[in-house]
Amino acid sequence: GPLRELAENGAIKYKGVVDSDMLDRWISEYGLDVSNITPSEGNLAIPFFNEDVLSLLTDSKFAVLLDDYFMNMYGCHPVLQCIPYLVITYPNIAHENFDSKTNNFPANWHTDYESEFTVHLPLISINPSNTHTMYAVNTHTSLSGPPRNEHAIRNIFRSFGEKTDALMLDVDGWHQGRLEGSSPRIMVQFKYTRGNDLLLHP
């Protein structure tokens, strides 16, 4: 099932687990129509929280799967790392022109903090014409970082999805943002961790 797929690969497209009417309401209420968005040199990230988000955090299929994953992986429940964000990515450059010094996109292969996990809820279809996250399958348990030669990374999960899907990524694994500029990516992002703050749990 989904838990085994997530545990083996480190990433999963969990299909049809978010209410479409709720997402349509967000798009309408917050003016998130594609026509309102223009290209830029970096991600736009806006804190995003309402009653719907609270409900998703406490009672949703992806939250149940994530809790099962953390209990099996770390023996504890996931902790929300920061407030959820509305993330809009609409690069004004091609991927091959990306410069990490001037462009505010996570477009190099990298890993995040230990035990960090992200969930993306697309508000529009994410496909090859959008910026999307590429994930190196089964690297979430690797002790090494991504190779300098990115062409050596073969088995890649592309985080394509539709509205109502949850794209779930254990970002201990190698990943990068693949910049595609013909249409924007609009999503709500949740970030979790096992909450192993040494100040609180020495």
Side-chain angles (χ1 to χ4, degrees), residues 2 4-15 17-18 34 37 39-45 62 65-66 69 73 81 84-193:
R4 179 171 182 172
E5 181 180 348
L6 181 57
E8 290 181 350
N9 297 334
I12 188 175
K13 177 171 70 173
Y14 202 10
K15 296 181 181 180
V17 294
V18 182
V34 171
I37 299 169
S40 64
E41 292 187 353
N43 281 336
L44 177 63
F62 74 79
L65 174 58
L66 183 65
Y69 179 77
M73 182 68 76
Q81 186 186 63
Y85 277 84
L86 172 70
V87 179
I88 300 173
T89 309
Y90 196 9
N92 61 1
I93 58 169
H95 189 87
E96 54 269 19
N97 296 327
F98 167 73
D99 183 347
S100 60
K101 295 179 181 178
T102 58
N103 304 123
N104 185 29
F105 299 108
N108 290 324
W109 284 99
H110 65 285
T111 62
D112 290 352
Y113 300 110
E114 181 187 355
S115 83
E116 190 170 335
F117 195 104
T118 64
V119 179
H120 299 166
L121 304 185
L123 298 188
I124 62 172
S125 176
I126 299 177
N127 53 56
S129 70
N130 306 84
T131 289
H132 57 277
T133 301
M134 299 203 313
Y135 186 91
V137 171
N138 198 28
T139 59
H140 58 305
T141 56
S142 173
L143 297 178
S144 61
R148 291 182 179 272
N149 177 14
E150 64 178 53
H151 299 293
I153 301 174
R154 300 291 184 188
N155 192 4
I156 294 176
F157 168 89
R158 293 181 179 266
S159 57
F160 299 147
E162 303 296 329
K163 264 191 335 184
T164 76
D165 294 342
L167 306 171
M168 305 179 67
L169 309 169
D170 184 334
V171 287
D172 275 359
W174 313 342
H175 60 285
Q176 72 160 186
R178 177 70 191 180
L179 305 181
E180 306 290 355
S182 59
S183 59
R185 175 180 65 173
I186 309 172
M187 66 182 187
V188 173
Q189 176 177 264
F190 301 93
K191 281 178 166 262
Y192 297 86
T193 181

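Model, not experiment: these values are computed from the prediction.
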Which atom pair, heavy atoms only, marks the closest approach of [X] to [Y]?
| X | Y | value |
| --- | --- | --- |
| I156 | V137 | C-CG2, 4.2 Å |
| T139 | G173 | OG1-CA, 3.3 Å |
| I124 | P184 | CD1-O, 3.0 Å |
| S182 | Y90 | O-OH, 4.0 Å |
| W174 | G145 | CZ2-O, 3.4 Å |
| Y192 | F62 | OH-CE1, 4.0 Å |

How many angstroms lie between CD1 in I186 and OG in S125, if you round to the nearest 0.5 Å?
11.5 Å

Pair listing, salt bridge (charged side-chain N to carboxylate O under 4.0 Å, His left out) test, anchored in residues 115-135, at least two apart
E116-K191

Salt bridge (charged side-chain N to carboxylate O under 4.0 Å, His left out): which pairs involve residues 155-180, sequence neighbours left out?
D24-K163, R178-E180

Keeping to residues at least two apart or across chains, list the ring pair (Phe, Tyr, Trp, His ring centres under 6.0 Å) pairs with something in residues 110-131.
Y69-F117, H110-H175

Under the ring pair (Phe, Tyr, Trp, His ring centres under 6.0 Å) definition, can you give me all pairs with a residue in residues 129-171, not counting sequence neighbours?
H132-F160

Residue list, salt bridge (charged side-chain N to carboxylate O under 4.0 Å, His left out) with R4, at least two apart or on another chain
E8

Taking S159's backbone N and O only, do any of them form a donor-acceptor pair with T133's side chain (distance below 3.5 Å, no angle check)?
no

Taken in chain and number order and not counting sequence neighbours, the residues that satisfy side chain to side chain donor-acceptor pair (under 3.5 Å) with T141 are none

Side-chain touch L123/L86, heavy atoms, less than 4.5 angstrom
yes

